[in-house]
Engineer: 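Handing you a structure now.
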There are 2 protein chains.
Amino acid sequence: MRQDVVLRGPGGPYLRTGQVAEQAGVNVQTLRYYERRGLIAEPARSPGGHRSYPPETVALLTVIKAAQRLGFTLEEVAELLDTGRRGHPTPDLRARAQAKILEVDAKIADLTTIRHALAQVVSAGCDSLTHCTCPDCPLPFADLAEGRFPKES
Amino acid sequence: MRQDVVLRGPGGPYLRTGQVAEQAGVNVQTLRYYERRGLIAEPARSPGGHRSYPPETVALLTVIKAAQRLGFTLEEVAELLDTGRRGHPTPDLRARAQAKILEVDAKIADLTTIRHALAQVVSAGCDSLTHCTCPDCPLPFADLAEGRFPKES
DNA sequence: GGTAAGCCTGTACCCAGGTACCGGATGCAA
DNA sequence: TTGCATCCGGTACCTGGGTACAGGCTTACC
């Protein structure tokens, strides 16, 4: 544990990879993965080549994780951060959040239909996917039409 | 298009790969993938080694696709088909459907929370993930606690 | 200056559910 | 019998979001 030591540089106490990772609750590899993906800027380096992060990187990672939990892909998060960094605030985030709400609603609707079909299986007492002996068997779900749930799981 | 010709064999009109794939609306590669995964049985072969499927394979594929849309993984579908094939009907399908309902409910609950947070972003008028200027900014979503949505998208 | 923890790059691997490509063989109708 | 659509097995690749490993270099503390 030599991690409680702080590198000093122009502008404040800098952090090393392991410190940032621990404080943000992510893996060290993830940090470099995000750097490759353009989510976090390439940090300054020590003379020996070790990364030296400004402390606000931790907050940035928290924001990234929050956005992910809202259903944004890393690519979308990268874009949002990018437009944010370019100055002039745009209605981009708002618009994207609204679009995301529609996506979420669609997913919820699909899941609701699925839940319905599952409940039918249970209440009808289906005992086989292919040779069900229950009366009025709901299988194989005519209402779950081909292609209605493109990639839904 | 020589696919409208039917191979005849013991028990009925047999189908070739392309015919099954087309009728079931899946890719030819997928068919062989399912065979490798044990979802469909290895079909008979022509003297030259071409697969020759019984016509009910198309229905089986429909069932597989329906089960997938219900949220079962291919592995789960394979197991369900397997216990079905082994004769003696078990309450397996019913139990699994009930468990799946719980999974679906959990997903819906997560999505509902997410929808809530998104709606807050919209109504508060957030304009940046990192430097939002809106009053009482809900970012970065303290209620979406770390780890609450392990793999949710 | 020794020692160990931590960091570096690069590459490969994981999950699921497929899809694509290759060179060669087969099936079938004209 | 010729021509070409289709099929064969094997292998590699795709998406998304990371994770792991190998082999070597730095940093920090004593």
Side-chain angles (χ1 to χ4, degrees), chain A residues 1-9 14-40 42-53 61 64-65 67-79 147 149-153, chain B residues 1-9 14-40 42-53 61 64-65 67-79 147 149-153:
Chain A
M1 279 294 180
R2 280 99 192 225
Q3 289 275 325
D4 40 6
V5 169
V6 153
L7 305 170
R8 298 218 161 256
Y14 276 53
L15 302 170
R16 359 183 11 178
T17 329
Q19 293 175 304
V20 173
E22 191 184 346
Q23 288 182 36
V26 303
N27 195 305
V28 172
Q29 323 278 40
T30 304
L31 221 50
R32 296 204 271 126
Y33 177 64
Y34 284 179
E35 187 179 319
R36 279 207 301 286
R37 297 279 311 246
L39 287 146
I40 58 183
E42 292 188 23
R45 299 288 183 129
S46 77
H50 285 199
R51 287 173 179 79
S52 179
Y53 292 97
L61 286 166
I64 292 170
K65 286 298 172 191
Q68 267 192 300
R69 285 194 291 279
L70 287 178
F72 293 101
T73 65
L74 284 187
E75 174 134 29
E76 288 170 327
V77 177
E79 287 170 12
F149 305 105
K151 307 184 82 173
E152 209 50 62
S153 65
Chain B
M1 281 292 181
R2 280 101 191 226
Q3 289 275 323
D4 39 5
V5 169
V6 153
L7 304 170
R8 301 218 158 252
Y14 277 52
L15 303 169
R16 9 190 353 185
T17 343
Q19 293 175 304
V20 172
E22 190 185 345
Q23 287 182 36
V26 302
N27 195 307
V28 172
Q29 324 277 40
T30 304
L31 221 52
R32 296 202 273 130
Y33 177 64
Y34 283 0
E35 187 179 319
R36 280 206 300 286
R37 297 278 311 246
L39 287 146
I40 58 182
E42 293 188 23
R45 299 288 182 129
S46 76
H50 285 200
R51 288 174 180 78
S52 180
Y53 291 97
L61 286 166
I64 292 170
K65 285 297 171 192
Q68 268 192 299
R69 285 195 291 279
L70 287 179
F72 292 100
T73 65
L74 285 187
E75 174 134 28
E76 289 171 326
V77 177
E79 287 170 12
F149 305 105
K151 307 185 79 174
E152 209 50 61
S153 66

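By convention in this document, chain letters (A, B, ...) are assigned in the order of the sequence lines, proteins followed by strands, and residues within each chain are numbered from 1. In this text, all values refer to a predicted model and were calculated from it rather than measured experimentally.
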Engineer: Just how far, in rounded Å, is C1' of D:dT6 from CD of B:E22?
Structural biologist: 13 Å
Engineer: Within this structure, what is the CD-CD distance for the pair A:Q68 and A:E76, rounded to the nearest 0.5 Å?
Structural biologist: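 Rounded to the nearest 0.5 Å, the CD-CD separation comes out at 11.0 Å.
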Engineer: Nearest-Å distance, CG (B:L74) to C1' (C:dG18)?
Structural biologist: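 Rounded to the whole Å, the gap is 9 Å.
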Engineer: Would you give the length of the straight line joining atom OH of B:Y53 to atom CD of B:E35, rounded to the nearest 0.5 angstrom?
Structural biologist: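 These two atoms lie 5.0 Å from each other.
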Engineer: By nearest nucleotide on DNA chain C, pick out whichever of B:G49 and B:E75 is the more 5' one.
Structural biologist: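 The residue mapped nearer the 5' terminus is B:E75.
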Engineer: Report yes if a side-chain nitrogen or oxygen of B:S46 is closer than 4.0 Å to either non-bridging phosphate oxygen (OP1 or OP2) of C:dT26; otherwise report no.
Structural biologist: no
Engineer: For B:Q29 and D:dC8, what is the distance between atoms CD and C1' respectively, to the nearest whole Å?
Structural biologist: 11 Å
Engineer: Heavy-atom nearest nucleotide on DNA chain D for A:P47 versus A:Y33: which residue maps closer to 5'?
Structural biologist: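 The residue closer to the strand's 5' end, by nearest nucleotide, is A:Y33.
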Engineer: Return the value, rounded to whole Å, for the distance between atom CG of B:L31 and atom C1' of D:dT6.
Structural biologist: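 So the two atoms are 14 Å apart, to the nearest Å.
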Engineer: Between CD1 of A:I40 and OG1 of A:T30, what distance do you get to the nearest 0.5 Å?
Structural biologist: 10.0 Å
Engineer: Quick check for you: among D:dT26, D:dG18, D:dG9, whose closest atom lies nearest to any side-chain atom of A:Y34?
Structural biologist: D:dG18
Engineer: Between D:dG17 atom P and A:K65 atom NZ, what is the distance in whole Å?
Structural biologist: 10 Å
Engineer: Figure out the NE2/C1' separation between B:H50 and D:dC8, and round it to whole Å.
Structural biologist: 6 Å
Engineer: Consider the side chain of A:R45, meaning its heavy atoms from C-beta on, and name the nucleotide among C:dT19, C:dC8, D:dC7 that approaches it most closely.
Structural biologist: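 Minimum distance to the A:R45 side chain belongs to C:dC8.
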Engineer: Could you state the CD-C1' distance from A:E35 to D:dT19, rounded to the nearest angstrom?
Structural biologist: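 After rounding, the reported distance stands at 17 Å.
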Engineer: Which value, rounded to the nearest 0.5 Å, describes the distance between B:T17 atom OG1 and B:Q29 atom CD?
Structural biologist: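 B:T17 atom OG1 to B:Q29 atom CD measures 10.5 Å (nearest 0.5 Å).
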Engineer: Does any N or O donor sit under 3.5 Å from an N or O acceptor when you compare the side chain of B:R32 with the base of D:dG9?
Structural biologist: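 By the distance-only test, yes, there is a pair.
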Engineer: Closest approach to the side chain of A:T17, judged atom by atom: which nucleotide of D:dC8, C:dC8, C:dG18 is it?
Structural biologist: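 That would be C:dC8.
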Engineer: Which nucleotide wins on minimum distance to the side chain of A:Q68, given the candidates D:dG17, D:dT27, C:dC28?
Structural biologist: D:dG17
Engineer: Are OP1 or OP2 of D:dT19 and a side-chain N or O of A:T30 less than 4.0 angstrom apart?
Structural biologist: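 For A:T30, the contact criterion (side-chain N or O under 4.0 Å from OP1 or OP2 of D:dT19) is met.
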Engineer: Figure out the CG/C1' separation between B:N27 and C:dG17, and round it to whole Å.
Structural biologist: 12 Å
Engineer: If you compare every side-chain N and O of B:R51 against the phosphate oxygens of D:dC8 (OP1, OP2), does one of them come in below 4.0 Å?
Structural biologist: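 Indeed, a polar side-chain atom of B:R51 lies that close.
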Engineer: Taking for each residue the nucleotide of DNA chain D with the nearest heavy atom, is it B:R36 or A:R37 whose nucleotide lies nearer the 5' end?
Structural biologist: B:R36
Engineer: Working to the nearest 0.5 Å, report the span between CG of B:L39 and CD1 of B:I64.
Structural biologist: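 Reported value, rounded in 0.5 Å steps: 5.0 Å.
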